[in-house]
There are 2 protein chains.
Amino acid sequence: MTALPDLTRLVADHRPRFRTATEFVEATLRHAILTGVLAGGTPLRQDDLAALMGVSRMPIREALRQLEAKALVEFHPHRGAVVVSITAEDAADISAIRHALEPAALALSLPHLTPDDFALADDLIADMDAETDPGRMGELNRRFHMTLYARAGRPRLLALTEQHLAAADRYLRFQFAALEYQTRSQDEHRALLAACRAGDTAGACAIVADHIGRAEGLLTAFLSERAKGADAPARRGQNKT
Amino acid sequence: MTALPDLTRLVADHRPRFRTATEFVEATLRHAILTGVLAGGTPLRQDDLAALMGVSRMPIREALRQLEAKALVEFHPHRGAVVVSITAEDAADISAIRHALEPAALALSLPHLTPDDFALADDLIADMDAETDPGRMGELNRRFHMTLYARAGRPRLLALTEQHLAAADRYLRFQFAALEYQTRSQDEHRALLAACRAGDTAGACAIVADHIGRAEGLLTAFLSERAKGADAPARRGQNKT
DNA sequence: AGAGTGGATATTGGATCCAATTCCATTTGG
DNA sequence: CCAAATGGAATTGGATCCAATATCCACTCT
C-alpha cells in the first residue's frame, strides 16, 4: 500500500482553492510538510501522490520541483524525492536566517502597525493559550509573528520570513510537549507585543532575537538527542513489521 | 522565429555539468537571468526553449517551476511564463533582504576567514579594476562578497544570500554605466576588506550595510527613471514584422 | 559458506499526444 | 465608421507512453 499518512482531508480542503493542478498539489504538499503531517525522511512516491491527489504524475513532478527549490524536499536521481529532515546543523542554519530576517521585518513594520493589528495579535495570543494541538499551535504562532511583520511593505522579505518561520515551526511542534516552553514562549509573545504597542523598536527587535535564540536552543537540543536515540530512523520504506 | 537571445554558448557551457536535463535547464536559465542575458519581461516560450536546449518541453516546465519558486520567473495561467522584471519597489525589497542577510553572514564568517581568503578577495578587487564588461563585473562582485561570507558555515544562509546578491547584480549591471559608481564601489570594497583583515566585525558590517544602501539608492533612481521613459516596454511577442 | 554477478522489478526521467484556454483578427451589425 | 461578437491560431496544462537507471534477490563460483 502506501506508506503515506492520510491526506484526504488536506486534499479536500485545498482542492477548490486553486485553478491549476500544479498549484494545488504544491500548496497541499507544502502545508502537509510544514505542519508535520509529512515527517522528515518520508519518501514521496510520485505514483502514490498522483493517486492520492487525483491527478497524473506530471503536476506532482512540477510541484516537487518547486518544493525542491524551497528546500523542503530533496531529489535523488532515479531514487525519488524525500521530505528533507532537519539536522541540528540545519536548525542552527535556519535560526541564523530568522535571526537576520525577523528583526529587520519587525523594524520596518512596527511604525505602521495599526490598533487592529494589535487586537489581532492579542486574539492570537489568547488562542494559543487555549490551543493544545501542536500542529495548530505552530499555525497560530506563525500567524502571530507574521501579523507583527505584515506592515513592512516588503513582499519578498515577508515571504522569506514566513517560509523560514514555518520551517522552524515544523519541528517546534515537538517542543510543545516540553511544557515549560509554551509558558515561556507566551510570556515572550506578550512582552513582544507590549514593546510593539509602546513603539519601542529596539526593544521589540531584541525580544524577537532572544525569542528565536531560545527556540533554537531547545530545538537543537531536541534534535541532537533524537539523533542519538535513532541513528537511521527512516531510510527507505522499511515496513517489514 | 525566436525572440530569445543567443543562448547556445551558455547551453554548451552548462550541458556537461549536469546529469539530468531538468537540472541542466534550470541552471542554464538561472544563469542567463542572473547575468542579464535574459532581461526582465522576456516571455519564455516553452517550445522555443525546448528546441534551444535540445530537450522536450517537460524538463523546461520543471525548470520553470523551480525558477518560479525562486521568484525569477512568473507564471500566468495559460499565458506563459515571463522573466520577472524588477521594479523600484522590488529593488527596495531585495535590498532590505540583503541588508538583513549580508551583515549577519559576514559577522559569522569573519572570525574564520583565512589569509587565503583575503588574498582571493584582493585578486577579485584587482580583477574588477580591470574588468569593463558589466556582466562579468557582476560575477566578480558576487564572488568577492561571497568570499568574505563563505566561512559562515551556514549553507542555507549563504545560498539565500548569494541568490539575492545575484538578483541585485542582475540590475546593477546597468549601474556600471554610471561611471562614478564603480570607483566608489571599489573604494568600499577595499575598505570592507581592510576592516575584515583587521578583525573589525562591527565596522565591516557597517560598511556592508552602507554599501548595500548606496547600491539600492542608485538602482532605485535608475529604475524609476526608466519607468518614466518607457511605460510598457515589452508586453507580448510583437514581431509582426 | 560467503561473496560476487546476473537478471527481474520498481520507480523515476523524458517524450509525445490531447484538451483547455487565451489572444488576435476578422467579420458583421448598428 | 465603430463596436461587439465569433472563429481560428497559438500556447500552455495535463495525461499517457516509453526508456533509462537503481535496487533487490536469487544463483553460481570460489
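Chain identifiers are assigned alphabetically (A, B, ...) following the order of the sequence lines, protein sequences preceding nucleic acid strands; residue numbering begins at 1 within each chain. In this text, all values refer to a predicted model and were calculated from it rather than measured experimentally.
Under a 3.5 Å cut-off, the side chain of Thr147(A) and the backbone N or O of Asp117(A) do not form any donor-acceptor pair. At distances below 3.5 Å, not a single donor-acceptor pair connects side-chain atoms of Asp13(B) with backbone N or O atoms of Leu10(B).
Remark on the helix from dA1(C)-dT30(D) to dG30(C)-dC1(D): inter-end axis angle 0°, axes from five-pair C1' superpositions, rounded to 10°.
In this structure, Phe24(A) places its CZ atom 11 Å from P of dG14(D), rounding to the nearest Å. Computed from coordinates, the Gln66(B) CD to dG13(C) C1' distance equals 13 Å when rounded to whole Å. Between the CZ atom of Phe75(A) and the P atom of dA22(D) there is a distance of 16 Å, given to the nearest Å. With rounding to whole Å, Met53(A) atom CE is found 14 Å from dG14(D) atom P. dG13(D) atom P lies 11 Å from atom NE2 of His76(B), rounded to whole Å. In this entry the distance linking CD1 of Ile60(B) with C1' of dG13(C) reads 14 Å, nearest Å. Counting to the nearest Å, the C1' atom of dT12(D) and the CZ atom of Arg79(B) are 12 Å from each other. One atom, CD of Glu74(A), and another, P of dT12(C), lie 15 Å apart when rounded to the nearest Å.
A donor N or O paired with an acceptor N or O is found under 3.5 Å between the base of dG13(D) and the side-chain atoms of Arg57(B). For dG14(D), the base has a donor-acceptor partner in the side chain of Arg61(B) [N/O atoms by modelled type, under 3.5 angstrom].
At the phosphate of dG13(D), neither OP1 nor OP2 sits under 4.0 Å from any side-chain N or O atom of Thr22(A).
Closest contact between the side chain of His78(B) and the listed nucleotides dC23(C), dG13(C), dT12(D) involves dT12(D). Which of dA15(C), dG13(D), dA15(D) sits closest to the side chain of Ser56(B) comes down to dA15(C). Taking every side-chain heavy atom of Arg45(B) into account, dT11(D) is the closest of dT11(D), dG14(D), dG13(C). Checking dT23(D), dG13(D), dT16(D) against the side-chain heavy atoms of Met58(A) singles out dT16(D) as nearest. Out of dA15(C), dG14(D), dG13(C), the shortest distance to the side chain of Pro59(B) is found at dA15(C). Looking at the side chain of Gln46(B), the nearest of the listed nucleotides dT12(D), dG14(D), dG14(C) is dT12(D).
Between Arg65(B) and Glu68(B) a salt bridge is recorded (basic side-chain N to carboxylate O distance below 4.0 Å).
Taking for each of Arg65(B) and Arg19(B) the nucleotide of DNA chain D with the nearest heavy atom, the 5'-most of the two is the partner of Arg65(B).
The shortest side-chain heavy-atom distance between Leu160(A) and Ile97(A) does not fall under the 4.5 Å cut-off. Contact annotation: the side chain of Val25(A) never approaches that of Thr28(A) to less than 4.5 Å [non-hydrogen atoms, C-beta and beyond]. Side-chain contact check for Leu108(A) versus Leu157(A): some heavy-atom pair is nearer than 4.5 Å. The shortest side-chain heavy-atom distance between Leu49(A) and Leu29(A) falls under the 4.5 Å cut-off.
Here the closest non-hydrogen pair linking His112(B) and Arg151(B) is O-CG, 3.5 Å.
At a threshold of 4.0 angstrom between heavy atoms, the contacts of Leu44(B) are confined to the sugar-phosphate backbone, with no base atom among them.
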